[in-house]
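Numbered from 1 within each chain, the chains take letters A, B, ... in sequence-line order.
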Number of protein chains: 2
Amino acid sequence: MTMRDLSKPTTTKEAKPPRGRPRAFDREAALGAATRLFWAKGYEATSIADLTQAMGIGSPSLYAAFGSKEALYAEALDYYRANYQSLFWDKFQRAPTAREAVRTLLVGSAGALSGCSAGTPSGCMIALSSVGSEGHRELGAKVYEARTAGLHALKARLQAAVADGEVPASVDIDALARFVAAVQGGMSIMARDGANQAELESVADVAMTGWDARIAGSRT
Amino acid sequence: MTMRDLSKPTTTKEAKPPRGRPRAFDREAALGAATRLFWAKGYEATSIADLTQAMGIGSPSLYAAFGSKEALYAEALDYYRANYQSLFWDKFQRAPTAREAVRTLLVGSAGALSGCSAGTPSGCMIALSSVGSEGHRELGAKVYEARTAGLHALKARLQAAVADGEVPASVDIDALARFVAAVQGGMSIMARDGANQAELESVADVAMTGWDARIAGSRT
DNA sequence: GACTTTATATATTAGTCGATCCATAAATCG
DNA sequence: CGATTTATGGATCGACTAATATATAAAGTC
């Protein structure tokens, strides 16, 4: 007669616990710990021993839950995008104008990348990942896709702005999008070197000056 | 009686060959090969076996000549700066104006980072190095110094431009220098993802628009 | 020539890597 | 209850890691 009795009867899964011994750790929390470790140290430099210690589990549990180090890294990339990168990309998507979208993206990046959120490494895990150069082709392709997704989002927003009349059609959309992506990537490198939020925001500020000049200049 | 007899008598070193068996390989060439391998794969992912194969020597010769993997990487950083990075930083130093210095730096970076020079990896070895995050503190400090050296050169050139009257004193020197450094760093990330020279040059072009607007805007 | 010094090639070191085996524990099913 | 299924902890696997020991080779010095 409680709400609990009716809360999930229509969902096909999760009604019954699985057959065998239940997992003794929180899979999501362990994945989060692994993500932050990969984020801070990179793929190659992070060992299974490092991971099991940070996750608080034994290696057999790690392999049972995630399959392999590569599979764990792939899941960590998804976890990062969903739980950290989305913070400022969501604002980008919701902004009313392309200019405000880019501005909030760069300013939000300045805050997030400088490591203000306690317990998170500095810089973007995806921008700074070099797993593709280290000989892991599949993971490299996944990181590459994640990186280009940002560039495509910028291009799409700019094209929409051209359609809306916010941005003149004479603007080089690709160049402007790549410029914003490059500034954001550079901010990650500087963040890893210890740049603080104010310093990164000043970069974003200059970049917005460039944005405005580029759009104003194309009207001639 | 030949020129050779007189060419180096005043130099205290290199006159005589060293005492024992002479080295059978070209140390500089081997260092160059090691540099390009570290450059392409990063420190952690490059093994001694990879290095000895690329350098064409055995591991005892490597350790006799360079000391350790870390010492070899440190020398590779110096080799990179002297033989690759100097190509576009020299132009920066020789440019008559700060604007031309920055422009030639970014355009030169676009060419060099996109891997046009045959046989060199894409992107900047120093900008993309994550050796400091991988737990190697000394090497990380060396990479950090190399990265900040570029930023300091930019600041110094801007200050000189202010003294010359090229740039108004109201300009935020630090922000502008960091902006240029960030753009250059972002270009390295894009280069590693396969961006070609024209794409990187378009980024440099937008960045220069930002530079001009920033300086013009500060006059108000 | 004998002696010293340095470099190379082969083989090997102790340690760490990612990944598993095994025995035991903890749950559901019948 | 026994049977089945899954998870865990400890031990361990072969492969690879950075770094060396040993023996031989090639140079200068005397």
Side-chain angles (χ1 to χ4, degrees), chain A residues 8 12-31 33-35 37-38 41-76 131 134-140, chain B residues 8 12-31 33-35 37-38 41-76 131 134-140:
Chain A
K8 293 217 175 183
T12 53
K13 288 184 177 181
E14 303 193 49
K16 301 176 182 179
R19 274 275 253 135
R21 173 176 175 175
R23 183 177 289 125
F25 63 94
D26 183 339
R27 191 183 191 278
E28 198 76 356
L31 178 57
T35 300
L37 199 59
F38 277 134
K41 300 188 63 179
Y43 181 80
E44 289 284 341
T46 304
S47 70
I48 298 293
D50 294 333
L51 290 165
T52 55
Q53 184 184 357
M55 300 163 83
I57 61 177
S59 53
S61 298
L62 187 154
Y63 282 92
F66 299 101
S68 69
K69 186 185 176 185
E70 293 203 351
L72 174 58
Y73 188 82
E75 278 205 55
V131 70
E134 292 168 342
H136 304 270
R137 215 175 299 178
E138 289 188 15
L139 290 180
Chain B
K8 293 216 174 185
T12 53
K13 287 185 178 180
E14 302 193 47
K16 302 177 181 178
R19 275 274 257 138
R21 172 177 174 173
R23 183 177 287 124
F25 63 94
D26 182 340
R27 191 183 191 279
E28 196 76 357
L31 178 57
T35 300
L37 199 58
F38 277 133
K41 300 187 64 178
Y43 180 80
E44 288 285 342
T46 304
S47 70
I48 298 292
D50 293 334
L51 290 164
T52 54
Q53 183 184 358
M55 300 162 84
I57 62 177
S59 54
S61 298
L62 186 155
Y63 282 92
F66 299 101
S68 69
K69 185 186 176 184
E70 292 202 351
L72 175 57
Y73 188 82
E75 278 205 54
V131 71
E134 292 167 342
H136 304 270
R137 215 175 300 179
E138 289 188 15
L139 290 180

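With rounding to the nearest 0.5 Å, the separation of CD in A/Glu138 from OH in A/Tyr73 is 14.0 Å. Between the CG atom in A/Leu72 and the OG1 atom in A/Thr35 there is a gap of 7.0 Å [rounded to 0.5 Å]. Here CG of A/Leu31 is found 5.0 Å from CZ of A/Phe66. Values are rounded to the nearest 0.5 Å. The structure places CD of A/Glu70 at 4.5 Å from CG of A/Leu139, a figure rounded to the nearest 0.5 Å. Between atom NZ of residue A/Lys69 and atom CD of residue A/Glu44 there is a gap of 6.0 Å, rounded to the nearest 0.5 Å.
For the OP1/OP2 pair of C/dT8 and a distance below 4.0 Å, the side-chain nitrogens and oxygens of B/Ser61 include at least one atom meeting the criterion.
Each of A/Gly20 and A/Gly58 was assigned the nucleotide of DNA chain D with the nearest heavy atom; the assignment lying further toward the 5' end belongs to A/Gly20. Each of A/Ser59 and B/Glu44 has a nearest nucleotide on DNA chain D; the 5'-most of these lies closest to A/Ser59. Where A/Pro60 and A/Thr46 each meet DNA chain C at their nearest nucleotide, the meeting point lying more 5' is that of A/Thr46.
Looking at heavy atoms from C-beta onward, A/Glu75 lies in side-chain contact with A/Arg27 at the 4.5 angstrom threshold.
Ring geometry for A/His136 against A/Tyr43 counts as perpendicular: the plane angle is over 60°, on a 0 to 90° scale with 30° as the lower cut.
Shortest non-hydrogen contact noted between B/Thr52 and B/Ala49 is OG1-O, 3.0 Å. Considering every non-hydrogen atom in both B/Leu62 and B/Met55, the closest pair reads CD1-SD, 3.8 Å. Nearest heavy-atom pair, A/Ala54 versus A/Ala33, reported as atom, atom and distance to 0.1 Å: O-CB, 3.7 Å. Across every non-hydrogen atom of B/Ala45 and B/Asp50, the tightest pair is O-OD2, 3.7 Å.
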Listing time: all N or O pairs from protein to nucleotides 23-25 of chain C that are below 3.5 Å?
unit_1, atom_1, unit_2, atom_2, d
C/dA25, N3, A/Arg21, NH1, 3.1

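Listed candidates were C/dT8, D/dA7, D/dA26. Nearest to the side chain of A/Arg23 is D/dA7. Looking at the side chain of B/Arg19, the nearest of the listed nucleotides C/dT8, C/dT4, D/dA26 is C/dT4.
The stretch residues 62-75 of chain A does not touch DNA chain D, since none of its heavy atoms comes less than 4.0 Å from the strand. Scanning residues 47-55 of chain A for heavy-atom distances under 4.0 Å to DNA chain D yields an empty list.
Atom CG in A/Asp26 sits roughly 15 Å away from atom P in D/dA7 (whole-Å rounding). For the pair A/Ile57 CD1 and C/dT20 P, the interatomic distance rounds to 15 Å; values are reported in whole Å.
When heavy atoms are screened at a 4.0 angstrom cut-off, A/Pro22 is found touching the sugar-phosphate backbone but no base atom.
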